[in-house]
Structures are given as structure tokens and as C-alpha cells.
Amino acid sequence: MEGLTLEEKIKKGGDKYRSFLHEEAENTTQWRHGGPPIYDAVNQLFEQGRTKVWEKGSLEETVQNAIKSWEMELSHKTRVQDFKSINPQTFKLIVNGREGLSAEETLKVGSYNALLKTTLPEEYKYYKAEEETFESSHDVFRSSFPRGFAWEVISVHSGPPIISYKFRHWGYFEGPYKGHSPTGEMVDFYGMGILKVDESLRAEDVEIYYDPADLISQLLKGPLISEQQNDVADDAGVANTGGCP
């Protein structure tokens, strides 16, 4: 892929960590931004900052790439019937023990809103998922993490059909977050996941357990900035097309 232009990469395809970007020869997949995303920036962040390098073909690498592929489809495909990493009929996303979301419900609200929804009292909500759309939630975090928000598997404790694993999520807070200026610091947090797959290794249940405060508290460190400054920085930050994880 070296030496190809962005348009040539999109046409030719290929991503070593994510499946299903470019296999649709008949071009029936409906992409949110008109075509498959380019993950060069976040792949570089991942390779520079990961703490584990898993052997090719290992269970850990397989799980890591499967989650990356699922997140890619959720963020960039607009129809559940185009997803290949999940079983659309049985899929549920369960976060911190809350009621599970179906594939259609997860696609409607988006990954950030699904993961950051909370039952805390209103005065303690520093991210209000119920007030965000799919698009606005992604704009918020693309702005905060212009180089992307990388994700890695730390360990895998059981194999299919029920896979339990520990993960790490990280990025550099280099853009504004809801009126707070960036600190430039690395933001990271850890969590646990349980992934149930069918005989074709498609996800049926994804359970995720983590403390959202580990993320949000690090984004509130920067001092408040004026609305005008925030608008300028937001416009500069949302151009990234890849991002997470």
C-alpha cells in the first residue's frame, strides 16, 4: 500500500487490523461517509502505544481484530444488514450490566452514546448521552482525539464460544472537549469484556464493564475556553475519518 494516494487506498482497500472494509465486490454496502474509512492515523497511534504485540493467528490477535472490525462497522456502515462481524438477529450490547441494546438500537445511538449512558443523577452527568446524536457524539470525540482513540486487548481468559478479555483504550487529548481546552496528555482507561460468538464467530452478545469516570474525568482537566475558541478548534478537529478504536 506504500505510495498510494488516499483515493487509491480507498479503491484498493486493505487494513491489517479490520476485516470487511473492502470485500463487497458488488459495492452494495452503504457507508456513512460515502466509502470505507482510512485508519492510517489510529493504526500508527496503536502501533506506537500498544503494550502487547500478539503473535499472528493467536487467540488474542483474533479477538483484538474482531472487536476492531465490529467497531469499524458500527461507526461507518449505515445498515445492519451490511454488518458481517455480528449476528444481527441475536446481537445484544450490554454495558455495565444495563439492559442490552439490539443491533438496530446500537447502530441508531452509536458506540459512544451506548458506552457512556449512565443512571447517575443529572448533576453528576458530565456527558449526557440522551442529548447526543450518533453524529454529535462522534464529533465530540474526534475533536478531542484528533489522532484517534486506539484500543488493544491486554489479555484473553477464555476461548470461543464465550470469550472473556481485558482491554485498554487510549488517545492524546489534543482537541477541545465540551468547552474544556486540551491538555495534550495521554488519556487511557481499562475494562473487561465478554464476547459470545456463534459457530461462524459472529458476535451475538458483547458485554463491556468499565468505569466511564476513568475517561471523562481526564477530559475535564483542561480549563474552560470561550465559545468562539471552541468553535474554531472543533472545526479543525473533526476532519479525521478513522479514529476508534
Side-chain angles (χ1 to χ4, degrees), residues 13-23 36-37 39-77 80 82-98 100-103 106-107 110-112 114-116 141 145 148-171 187-212 214-215 242-245:
D15 186 287
K16 55 187 171 181
Y17 303 117
R18 298 165 186 83
S19 303
F20 317 125
L21 260 73
H22 307 278
E23 80 294 350
Y39 279 92
D40 290 358
V42 76
N43 284 350
Q44 183 179 25
L45 178 67
F46 167 73
E47 290 166 359
Q48 292 173 343
R50 60 184 167 179
T51 62
K52 306 286 185 180
V53 180
W54 299 114
E55 182 179 351
K56 188 172 180 60
S58 65
L59 177 60
E60 291 85 357
E61 187 207 42
T62 299
V63 172
Q64 183 168 262
N65 291 353
I67 298 294
K68 288 178 182 288
S69 297
W70 169 69
E71 190 282 332
M72 175 278 298
E73 292 194 302
L74 176 59
S75 295
H76 293 280
K77 293 183 177 181
V80 167
D82 291 332
F83 283 37
K84 294 179 170 61
S85 61
I86 69 170
N87 184 330
Q89 285 71 44
T90 60
F91 178 84
K92 290 288 182 183
L93 173 63
I94 301 165
V95 180
N96 291 334
R98 294 197 304 270
L101 297 176
S102 68
T106 305
L107 180 60
S111 55
Y112 287 115
L115 292 169
L116 289 168
F141 290 99
F145 301 108
F149 202 26
W151 188 92
E152 69 171 332
V153 162
I154 297 297
S155 56
V156 176
H157 306 288
S158 63
I162 299 178
I163 303 165
S164 61
Y165 59 93
K166 182 178 181 180
F167 66 86
R168 171 178 171 251
H169 225 329
W170 78 98
V187 171
D188 69 346
F189 66 89
Y190 294 81
M192 297 291 298
I194 301 173
L195 177 65
K196 180 183 177 183
V197 298
D198 64 15
E199 63 278 1
S200 300
L201 298 181
R202 297 180 301 170
E204 294 190 310
D205 287 341
V206 178
E207 294 186 50
I208 298 173
Y209 298 91
Y210 81 109
D211 184 353
D214 290 342
L215 168 61
C244 173

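Note that these values count all heavy atoms, side chains included, but never hydrogens, waters or copies made by symmetry. Numbering of residues begins at 1 and proceeds along the displayed sequence.
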Do side-chain atoms of Arg98 reach the backbone of Ala114 as a donor and acceptor pair under 3.5 angstrom?
-> yes

Would one find more than 12 heavy atoms of other residues, nucleotides or ligands at under 6.0 Å from atom NZ of Lys92?
yes

Nearest heavy-atom contact between Ser111 and Leu74 is CB-CD2, 3.5 Å

For a 4.5 angstrom cut-off between non-hydrogen side-chain atoms, does Phe167 reach Ile67? no

Check your understanding: Any side-chain heavy atom of Leu45 within less than 4.5 Å of one from Trp170?
Key -> yes

On a heavy-atom basis, the closest approach of Leu59 and Pro160 is CD1-CD, 4.0 Å

Looking only at heavy atoms, the pair that brings Val42 and Arg18 closest together is CG1-NH2, 3.8 Å

Practice item. Answer whether the closest heavy-atom distance between the side chains of Lys68 and Tyr39 falls below 4.5 Å. Key: no

Taken in chain and number order and not counting sequence neighbours, the residues that satisfy side chain to side chain contact (heavy atoms under 4.5 Å, CB included) with Ala66 are none

Could you check Met192 against His157 for side-chain contact (heavy atoms from CB on, under 4.5 Å), going step by step and ending with a plain yes or no?
-> CA-CA 10 Å; Met192 297 291 298; His157 306 288; 4.0 Å; yes

Contacts satisfying side-chain hydrogen bond (donor to acceptor under 3.5 Å, both in side chains) that involve residues 51-66 (not counting sequence neighbours) are Thr51-Glu152

Practice problem: Please test Asn87 against Lys196 for side-chain contact (heavy atoms from CB on, under 4.5 Å), starting from the C-alpha separation and ending with a verdict. | Solution: CA-CA 11 Å; Asn87 184 330; Lys196 180 183 177 183; over 6 Å; no

Correct closest heavy-atom pair for Pro212 and Asn96 would be CD-ND2, 3.9 Å

CG (Asp205) and OG1 (Thr90) are apart, to the nearest 0.5 Å, by 7.0 Å

Would you check, one step at a time, whether the test side-chain contact (heavy atoms from CB on, under 4.5 Å) holds for Phe91 with Val206? CA-CA 8 Å; Phe91 178 84; Val206 178; 3.6 Å; yes

request  = Flag the pair Leu101 / Val95 as yes when at least one side-chain heavy-atom distance between them is below 4.5 Å, and no otherwise.
outcome  = no

CD1 of Ile86 to OG of Ser69, rounded to nearest 0.5 Å, is 12.5 Å

Item to complete: May I ask you to test the Ile208-Leu93 pair for a side-chain heavy-atom distance under 4.5 Å?
Response: yes

Those residues at least two apart in sequence (or on a different chain) that pass ring pair (Phe, Tyr, Trp, His ring centres under 6.0 Å) with Tyr165 are none

Self-check item: pair Ser158-Ile194: side-chain heavy atoms closer than 4.5 Å
Solution: no

d(Asp82 CG, Leu107 CG) to nearest 0.5 Å is 10.0 Å

Those residues at least two apart in sequence (or on a different chain) that pass side chain to side chain donor-acceptor pair (under 3.5 Å) with Glu47 are Lys16, Tyr17

Heavy-atom nearest pair, Ala103 first then Pro88, reads CB-O, 4.1 Å

Residues pairing under ring-ring contact (aromatic ring centres under 6.0 Å, His included) where one sits in residues 187-208, two or more places apart or in two chains, turn out to be His169-Phe189, Phe189-Tyr210

Note: Arg168 and Gly49 closest approach over all heavy atoms is NH1-O, 3.0 Å

> Can you find a heavy atom in the side chain of Val187 that is under 4.5 Å from one in the side chain of Phe145?
Replying inline: yes

request  = Begin with the C-alpha distance, continue with both residues' side-chain angles, and end with the deciding distance and a verdict on side-chain contact (heavy atoms from CB on, under 4.5 Å) for Leu195 and Trp70.
outcome  = CA-CA 12 Å; Leu195 177 65; Trp70 169 69; over 6 Å; no

Rounding to 0.5 Å, atoms CG (Asn43) and CG (Asp15) come to a distance of 5.0 Å

Applying side chain to side chain donor-acceptor pair (under 3.5 Å) to Arg202 and not counting sequence neighbours gives Asp198

